[in-house]
Amino acid sequence: RWGYGKEDGPSVWHKHYPSAKGNRQSPIDIIPHQVSHDPSLGQIVLNYDQCTSINISNNGHSVVVEFDDSDDRSVILGGPLDNPYRLKQFHFHWGGKGCRGSEHTVAGNCYVSELHLVHWNAVKFRTYSDAATAPDGLAVLGIFLETGDDHRWLHMITDALYMVKFKGSVTDFKGFNPKCLLPSSLHYWTYLGSLTTPPLDESVTWIILKEPITLSERQLSKFRMLLFTAEEEDQRMRMENNFRPPQPLKGRKVRSSV
Ligand SMILES: Nc1nnc(SCC(=O)Nc2ccc(S(N)(=O)=O)cc2)s1
Ligand SMILES: [Zn+2]
């Protein structure tokens, strides 16, 4: 099994997951003045109005909100995407007290956390698993989080975290629309990359919003009360620093919408 510790963390993932040393790994450091502006890149459109969250769970690596992806009710389209991609889940990556936490960085600067909304190309692939191994199978929308005032809607998630404290716990979480977690601007950077955790498949079109959202230190601290470990395990490990550091760009182009 893999994790974020000294023995099982990002520096040894390559031992069991060969993609780790691939040519389109994520996350990366985005250097804005090296990004190429591509006027042919349209805006992204998020049709989340009929969206139906199902549950919230602790998978031992992050806290995940799953959606019913049996039809095209919640999709992302436009921008670099040739098809609509269906929303499957969203989850977060965050740091320890007061330090780093995001996976992507911007000119070497990190944010305290990063939200990933994971979508899959149900036009071309029959199942999520098939899509997750294909070069154009997934589209992940990344949103940076910075600390400041309380986020007015994030409490709906942080108030549920105590119910999924332990690895393997899951609880109902219906009717949550992630549209409430978006910043005001949908301007983005985009590049071809991978899952940022094992199996590190190189199947992701990354769309990273330039504008971060804000949450309070108090809301962020509630993520840190989650545990990497299951209830029956004797040593409890606090879930924090569950982020992979930036990976080599290997000649890839990062494009921006505006
Ligand atoms: N062929 C495959 N089927 N299922 C998987 S792993 C399940 C999965 O969705 N993993 C996943 C890992 C990382 C990310 S992330 N952090 O958004 O890049 C998103 C999703 S790979
Ligand atoms: Zn992620």
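Here, residue 1 is the first one in the sequence, and each next residue gets the next number. Note that ligands are numbered from 1 as they come in the structure, with each ligand's atoms numbered from 1 the same way.
- Taken together through direct or relayed side-chain contacts under 4.5 Å among Ile, Leu, Val, Met, Phe, Trp and Tyr, Tyr48 and Ile54 form parts of separate hydrophobic clusters.
- Atoms of the protein (N, O or S only) found under 2.8 Å from the Zn ion (ligand 2) are His91 NE2, His93 NE2, His116 ND1.
- Considering each of Ala134, Pro199, Ser203, Pro198, the one bringing a non-hydrogen atom nearest atom 6 (S) of ligand 1 is Pro199.
- Where the criterion is an N or O separation shorter than 3.5 Å, residue side chain and backbone included, His91 meets it with respect to ligand 1.
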Begin with the C-alpha distance, continue with both residues' side-chain angles, and end with the deciding distance and a verdict on side-chain hydrogen bond (donor to acceptor under 3.5 Å, both in side chains) for His104 and Tyr191.
CA-CA 12 Å; His104 290 86; Tyr191 77 97; 2.6 Å; yes
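- The shortest contact between atom 1 (N) of ligand 1 and any protein heavy atom is with Thr133 CG2, 3.1 Å.
- Looking at Lys167 and Glu232, no side-chain N of the basic residue comes within less than 4.0 Å of a carboxylate O on the acidic one, giving no salt bridge.
- Side-chain heavy atoms closer than 4.5 Å link hydrophobic residues (I, L, V, M, F, W, Y) into clusters, and following such links, possibly through other members, connects Leu117 to Leu145.
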Under the criterion side chain to side chain contact (heavy atoms under 4.5 Å, CB included), I'd like the reasoning laid out for Val164 against Val63: C-alpha separation, chi angles, the key distance, then a yes or no.
CA-CA 8 Å; Val164 288; Val63 57; 4.2 Å; yes
Is there a side chain to side chain contact (heavy atoms under 4.5 Å, CB included) between Val64 and Asn58? Walk through the geometry before answering.
CA-CA 6 Å; Val64 188; Asn58 175 338; over 6 Å; no
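- Interface of His116 with ligand 1, defined as ligand atoms under 4.0 Å from a residue heavy atom, comprises 15 (S), 16 (N), 17 (O).
- Residue contacts with ligand 1, taken as heavy atom pairs separated by less than 4.0 Å, do not involve Phe92 at all.
- A distance of 5.0 Å separates CD1 of Ile76 from CG of Leu46, quoted to the nearest 0.5 Å.
- Taking every non-hydrogen atom of His93 and a distance limit under 4.0 Å, the qualifying atoms of ligand 1 come out as 16 (N).
- For atom 18 (O) of ligand 1, the nearest non-hydrogen atom from the set Thr196, Val118, Val64 belongs to Thr196.
- Relative ring orientation between His61 and Trp2 is described as parallel, the plane-to-plane angle staying below 30° on a 0-90° scale split at 30° and 60°.
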His116 vs Trp206, test: ring-ring contact (aromatic ring centres under 6.0 Å, His included). Steps then yes/no.
CA-CA 10 Å; His116 290 158; Trp206 279 96; 4.8 Å; yes
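- At a 4.0 Å heavy-atom cut-off, ligand 1 touches Ser129 through backbone and side chain alike.
- Shortest contact from atom 7 (C) of ligand 1 to any protein heavy atom: Tyr128 CE2, 4.1 Å.
- With a heavy-atom cut-off of 4.0 Å, Lys88 does not touch ligand 1 at all.
- Remark: Asp72 engages Arg86 in a salt bridge, criterion side-chain N to carboxylate O under 4.0 Å.
- The Ala132 neighbourhood of ligand 1 comprises atoms 1 (N), 2 (C), 3 (N), 21 (S), with distances under 4.0 Å to a heavy atom of that residue.
- Tested against Leu200, the residues His14, Gln247, His16, Gln25 include a single side-chain contact (heavy atoms from CB on, under 4.5 Å) partner, Gln25.
- Summary of contacts: the protein heavy atom closest to atom 12 (C) of ligand 1 is Thr197 OG1, 3.1 Å.
- In terms of hydrophobic clustering, with Ile, Leu, Val, Met, Phe, Trp and Tyr side chains grouped at heavy-atom distances under 4.5 Å, Trp94 and Leu154 are assigned to a common cluster.
- Comparing Asp201, Val140, Leu195, Leu117 against atom 11 (C) of ligand 1, the shortest heavy-atom distance belongs to Leu195.
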